[in-house]
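To start, the structure itself, in structure tokens.
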Amino acid sequence: MKYISTRGNSPAKSFTEILLGGLAPDGGLYLPEEYPQVTRAELDTWRKLDYAGLAFAVLSKFATDIPDSDLKAIITNTYTSKVYGNGRADSDSKEITPLRTLEPGLHILELSNGPTLAFKDMAMQLLGNLFEYTLDKQHEELNIVGATSGDTGSAAEYAMRGKRGIRVFMLSPNGKMSAFQRAQMFSLQDPNIFNIAINGMFDDAQDMVKAVSNDHAFKARYMIGTVNSINWARVSAQVVYYFKGYFSATKSNDEQVAFSVPSGNFGNICAGHIARMMGLPIGQLILATNENDVLDEFFRTGAYRPRDTRHTYETSSPSMDISKASNFERFMFDLVGRDGSKVRDFWERVDKGGSFDIRETEYWYALPRFDFASGKSTHQDRLKTIREVWEEYGVMIDTHTADGVKVGLEQRRPNLPLVCLETALPAKFAETIQEALGREPERPASMKGIEKLPQRCVEMDADVAKLKAFIQAHVPQ
Ligand SMILES: *Cc1c(COP(=O)(O)O)cnc(C)c1O
């Protein structure tokens, strides 16, 4: 299996060749040359597999240049009940991604049983093990530099902690994360994890990371890398739970389901699109946004108008607060019939801060064939949905999952079972849960009292030279 760029101007590469990198040299994103197809006979066999078995069946179609026995070992070590489902207060399931049925035809797929209580662990934990394996083979090291306002940084740190050949330098805005988020990241004592609190805002931290990445000599010398959501291995790992969720919600492969997906950077729902392109009988993919509705606007009107960061709202589903959706280009590549020059035309405008509109083009008429629906959810919708699900089913959901449930119920076609992806646990967003329900969410046992643990973090001014000096001092020459 080779990977090509959505902008059509980069040489084809293998899975491990693109694993550690980010964008393709022409600025595009990597996608398989063609999607592997899953036969009906395979679906029937896959239905019986446990999560690790299914993950191997799916990922061995993508990671064709890793020997099967190695890939199997990596996957088996990743998807174990030791890593997932160990601390949830309300569950004793041994499944990696249990399906919780609220009523017939309405389900929640639990994806947040990993170490940081959000679905990003599902892919990031695999990435940590794939990175370690590949770096070891190539006798190389990697220094990951990232900026976070919460979720992504902690998922990356918990995936990379203790890994040979990898260091993580994670920048966050000093004093801007919740006490819980700080404790989650700063209490890690692993010597390969460096937390750096920047005296500034998230955007300042993000700019420092960009400045380091754009210094090509420094980047090469210090083996600087990132783990952002455009990484292909992350997307491919997310394809697996669409299969698992489908099998759990149906009795046979003749049935169809709808998935609703709380969306930000379009990574999660892109994996659903790919699962469907491979042949999984998904009836509808329902995209839910919060007040930052760039993607909802596209699916409703055909206009893709990324906002600038000053026009990004801070909401109570903060992990969906995006101004542009970095994975959306992957879907557009398929929508335009995989013509890289078309994608180049569109993103020439986007990369300059502009927008595009497909309403007057043939692509607008091609869009319904991909069967997406979309909708938006606001703070009031979120509170109401959290309350209704709690009162009707006794199940507490987090703010992002609530956006998905709200839009999913609104948009699904009648008679199509609805699987709502759970993207985080309510314990991470206690303030909004308190506002909705007048009570505190329960914390998994592993997270009780973490605010009292000793913390490791250095403070730094928003100064790129200081960051570079810090990296130099901590990377052995
Ligand atoms: C990252 C994240 C999302 C958005 O996922 P995308 O892949 O960026 O669309 C939704 N909810 C939570 C809790 C997240 O952490």
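Starting from 1, each residue takes its place in the sequence as its number. Counting convention: from 1, in listed order, for ligands and their atoms alike.
- When every heavy atom of Ser112 is checked against every heavy atom of Leu425, the shortest pair comes out as O-CG, 3.6 Å.
- The distance between the ring centers of His400 and Phe119 does not fall below 6.0 angstrom.
- Looking only at atom types and distance, the side chain of Asp26 has a donor-acceptor partner in the side chain of Ser5 under 3.5 Å away.
- For a heavy-atom separation below 4.0 Å, the residues in contact with ligand 1 are Phe119, Lys120, Asp151, Pro262, Ser263, Gly264, Asn265, Phe266, Gly267, Asn268, Ser319, Met320, His400, Thr423, Ala424.
- One finds a salt bridge joining Lys384 and Glu388 here, because a Lys/Arg side-chain nitrogen approaches an Asp/Glu carboxylate oxygen to under 4.0 Å.
- Residues passing the side-chain hydrogen bond (donor to acceptor under 3.5 Å, both in side chains) test with Trp232, sequence neighbours excluded: Tyr3.
- Ring geometry for Phe328 versus Phe299: interplanar angle over 60°, hence perpendicular rather than tilted (30 to 60°).
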